[in-house]
Q: 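Got a structure here, written out as structure tokens. Questions coming.
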Amino acid sequence: MLHIIDLTYRIGDRGLIDHASLALPDGAKAGLVGRNGAGKSTLFRLITGEIGGETGSVGVPRNARIGQVAQEAPAGEETLIEVVLAADTERAALLAEAETATDPHRIADIHMRLADIEAHSAEARAASILAGLGFDADAQRRPCSSFSGGWRMRVALAAVLFTEPDLLLLDEPTNYLDLEGTLWLEAYLTRYPRTVLVISHDRDLLNRAVDTIIHLDQGKLTLYRGGYDSFERQRRERQALLAGHIRKQEEQRKHMQDFVDRFRAKASKARQAQSRLKALARLEPIAALVDESVMPFNFPDPAKPLAPPIISMEGVNIGYEPGTNILTKLSLRIDDDDRIGLLGSNGNGKSTFAKLIAGRLPPFSGSFRRDPRMQVAYFAQHQLDELNPARSAYDHVRDLMPDVPESKVRARVGSMGFQRAKMDTPAKDLSGGEKARLLMGLATFGGANLLILDEPTNHLDIDSREALVRALAEFSGAVILISHDRHLVEASVDRLWLVAGGTVRPYDGDLDEYRRSVLDSRSSGGGGGSGSKANQSPDQQRRKESAQKRADAAPLRRRIREIENRMEKAQKEIAELDEKLANPKLYARNSTDAAFLGKARADAARKLATAEEDWLSANADYEQLAG
């Protein structure tokens, strides 16, 4: 289906595609992966012929249709169903001609072709795709102009899926989908009858919906059979093998060079030395491994740990306009180390609930209690526009650290994941992922008790998403996560709450069960998933056990904090006494004072030793209880 032969493309002096070749068979489903900026989207433009390469060629079969999502979302007064149906230009042209044709033979040809392309079922197929992407029957009859940009991009995606091109090119299609839409798209691509090439950083989609991974690295295209996890394993094995070859080659080079250096001037060895020089010239270096380590995320732990619950609510109603509730009858609690993932289709109120928790939206009624000392870090994609475009990461952090040396400010910027070369780059010139890093670093700057992340991964590549998973695992505060990235959700939360039907409630199922309910609902024209089963899955049991362990461990956590306060107090007392005892004037003035201070220090040291023993014992009990 797709043949790329010796393709090269450069932007200025920078080579994106370097004599790359690839053969993708008909019906293959492939994921195109690589670091941000590697040239994945550029490769799509080369495939479609939008731009041309310096060398090589891109070939697809004659008459093969290539489809990709339109760059601009539809925004006219046409209804959603009309926009999707109009995307099949052949069907639209045939129907228009059928209205005016008079030649009986042509009329017969038209209707035969309409039957061949199953035009009679077109509206049902279009409606099914729109329903899968979250548009119910009423929404499908509304004009495009009544929807936001993100929802209109879903319509553009529905349009290209409806046309069923022979080669379907999708560039980060989940960026404007919620988890429910992502689950549906994953299932749709699995059943798609033609060739698919998708750029994605969604690990689960790359494991479930494709059978091949194409890695774009250092300008080359390498094909791996299987999903993303298989690719990662094969790549690690290949890197280990390559590292061994590089090491052996360097040893061989060194051995030859040593011989040349020793015997080049000796007549008896001159011929052998010249032979070694020629061999060195022929010894083509193996391409060095590139360090693809990604900068970590760093979320400072809470400055002051709080006793649970940090938030509790009973019968809370919330909305934006008085008298119009978005969510009602909210009766929930959040503890200081909760890890909660919010499920529910876009538009059901997940972001509204997050704003309530963050203190950005007051409740209309009900009892809402939160610890007044609680610090909340809130990140949402729309906040990227709040960065000052002319100011760098260093400038933004300097505003929060006005009275400290430059070296400390730069060290803090570095801890956010910025290398020296990027610290002074204006925000407008940062990539989407770098802006997200900066915004998360600024939001969590003071050490938050609660971290709220609303779709944090849209601009992050797979390695950066893994770094985010690690950072959340190390963060000791509470986390509320809204994300369409199923891998991030599964790896980072132990409780699921469903936002649906105008309220928020705990969801007892796991993500596999939720996936089934979403697909069942959307395949029958519904708009979301809920419910649970009597028999609990292992993930359900794991989350419930984890929640129970947290509840059982809460008294121990409080005791550990009390002991740490005792230790801190004793250490401070000892430091103050040591300072006084170090003063020579104390002994010349009054020996009684010195003896008194010495006894006080000994008492403080005993208190510290006792507290340390208690701390070790309490931590051992906590670790045993936590498993």
Side-chain angles (χ1 to χ4, degrees), residues 36 41 44-45 67-87 126-127 129-136 138-163 168-185 188 198-202 205 320 326 342 344-355 360-361 378-387 389 427-428 430-436 439 453-460 482-485 499 522 527-528:
N36 283 344
S41 296
F44 270 23
R45 297 174 66 198
Q68 61 180 339
V69 178
Q71 297 260 337
E72 294 185 7
E77 293 306 309
E78 302 90 346
T79 65
L80 305 192
I81 196 76
E82 288 172 344
V83 169
V84 174
L85 289 171
I129 293 171
L130 284 168
L133 292 173
F135 298 99
D136 60 22
D138 291 337
Q140 293 176 22
R141 302 296 172 183
R142 286 169 51 193
C144 275
S145 59
S146 66
F147 291 90
S148 67
W151 284 98
R152 295 201 304 272
M153 285 306 299
R154 293 194 191 199
V155 180
L157 174 60
V160 71
L161 296 179
F162 172 71
T163 63
L168 174 62
L169 303 178
L170 297 176
D171 191 347
E172 291 291 357
T174 62
N175 272 3
Y176 33 84
L177 299 180
D178 52 17
L179 175 61
E180 293 70 22
T182 299
L183 293 172
W184 179 87
L185 178 64
Y188 183 89
V198 55
I199 298 172
S200 180
H201 296 306
D202 189 313
L205 185 142
Y320 295 95
I326 303 296
L342 297 185
S345 302
N346 280 358
N348 280 1
K350 296 193 299 292
S351 295
T352 300
F353 181 71
K355 290 175 183 176
R360 300 189 174 201
L361 199 61
Y378 180 68
F379 171 89
Q381 281 295 327
H382 64 80
Q383 292 175 315
L384 296 181
D385 296 331
E386 296 176 8
L387 293 172
K428 63 183 175 61
L430 295 175
S431 68
E434 289 164 343
K435 289 178 182 177
L439 198 58
L453 298 178
D454 189 346
E455 295 294 357
T457 64
N458 278 0
H459 297 287
L460 302 182
I482 303 170
S483 178
H484 65 260
D485 188 316
V499 184
R522 295 199 171 187

Q: On a heavy-atom basis, which atom in Leu439 and which in Phe379 lie closest, and how many Å separate them?
A: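 Heavy atoms only, the tightest pair is CD2-CE1, 3.7 Å.
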Q: For the CZ atom of Arg152 and the CG atom of Leu80, what is their distance to the nearest 0.5 Å?
A: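 So the CZ of Arg152 and the CG of Leu80 are separated by 10.5 Å.
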Q: Might you point out which heavy atoms bring Gly349 and Ile326 nearest each other, and give the distance in Å?
A: CA-CG2, 4.3 Å
Q: Please round to the nearest 0.5 Å and tell me the distance separating atom CD of Glu455 and atom CG of Asn175.
A: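 If I round to the nearest 0.5 Å, the distance is 9.0 Å.
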Q: For the pair Ile129 and Trp184, evaluate side-chain contact (heavy atoms from CB on, under 4.5 Å) and give the outcome as yes or no after the intermediate values.
A: CA-CA 9 Å; Ile129 293 171; Trp184 179 87; 3.9 Å; yes
Q: Say you draw a straight line from CG of Leu205 to NE2 of His484; how long is it, rounded to the nearest 0.5 Å?
A: 9.5 Å
Q: Report the C-alpha distance between Thr457 and Ser483 in whole Å, list the side-chain angles of each, state the deciding distance to 0.1 Å, and finish with yes or no for side-chain contact (heavy atoms from CB on, under 4.5 Å).
A: CA-CA 8 Å; Thr457 64; Ser483 178; 4.1 Å; yes
Q: Rounded to the nearest 0.5 Å, how far does OG of Ser148 lie from CE of Met153?
A: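 Answer rounded to 0.5 Å: 11.5 Å.
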Q: Just jot down the side-chain hydrogen bond (donor to acceptor under 3.5 Å, both in side chains) partners of Asp202, sequence neighbours excluded, or say none.
A: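 Here no residue qualifies.
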Q: Run the numbers on Tyr378 and Lys355 for side-chain contact (heavy atoms from CB on, under 4.5 Å), then give the verdict.
A: CA-CA 9 Å; Tyr378 180 68; Lys355 290 175 183 176; 3.8 Å; yes
Q: Between Ile482 and Leu179, is the side-chain contact (heavy atoms from CB on, under 4.5 Å) condition met? List the steps.
A: CA-CA 9 Å; Ile482 303 170; Leu179 175 61; over 6 Å; no
Q: Would you give the length of the straight line joining atom CZ of Arg141 to atom CD of Glu82, rounded to the nearest 0.5 angstrom?
A: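 Spacing of CZ (Arg141) from CD (Glu82) equals 8.0 Å.
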Q: Please answer whether the main-chain N or O of Val499 pairs with a side-chain N or O of Lys350 as donor and acceptor at a distance below 3.5 Å.
A: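 Looks like no, no N/O pair under 3.5 Å.
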Q: What is the minimum heavy-atom distance between Cys144 and Val155, and which atoms define it?
A: SG-CG1, 4.2 Å
Q: Which atom pair, heavy atoms only, marks the closest approach of Leu460 to Ala436?
A: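 Looks like CD2-CB, 4.5 Å.
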Q: Would you find a donor on one side and an acceptor on the other, under 3.5 Å apart, between the side chain of Tyr176 and the backbone of Leu157?
A: no
Q: Taking NZ, NE, NH1 and NH2 as the nitrogens, is one of them in Asp178 or Arg154 under 4.0 Å from a carboxylate oxygen of the other?
A: yes
Q: Any chance you could measure Asn458, atom CG, to Thr174, atom OG1, to the nearest 0.5 Å?
A: 7.5 Å
Q: Side chains of Val69 and Asp171, heavy atoms from C-beta outward: is any pair under 4.5 Å?
A: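 Counting from C-beta outward, Val69 and Asp171 never come under 4.5 Å.
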Q: Is there a side-chain contact between Ile81 and Phe135 in this structure, where contact means two heavy atoms from C-beta onward sitting under 4.5 Å apart?
A: no
Q: Evaluate the criterion side chain to side chain donor-acceptor pair (under 3.5 Å) for residue pair His201 and Asp485; output intermediate values, then yes/no.
A: CA-CA 9 Å; His201 296 306; Asp485 188 316; over 6 Å; no
Q: Does the side chain of Ser431 come within less than 4.5 Å of Asn36's, by heavy atoms?
A: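 The answer is no, as the side chains (C-beta and beyond) never meet within the 4.5 Å cut-off.
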Q: Are any side-chain N or O atoms of Gln140 and backbone N or O atoms of Thr79, one a donor and one an acceptor, separated by less than 3.5 Å?
A: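 No, because the side chain of Gln140 does not come within donor-acceptor range (under 3.5 Å) of the backbone of Thr79.
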Q: Where is the tightest heavy-atom contact between Phe353 and Leu342, given as atom of each residue plus distance?
A: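 Heavy atoms of Phe353 and Leu342 come nearest at CD2-CD1, 3.8 Å.
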Q: Considering non-hydrogen atoms only, spot the tightest contact between Ala158 and Leu130 and give its length.
A: CB-CD2, 3.8 Å
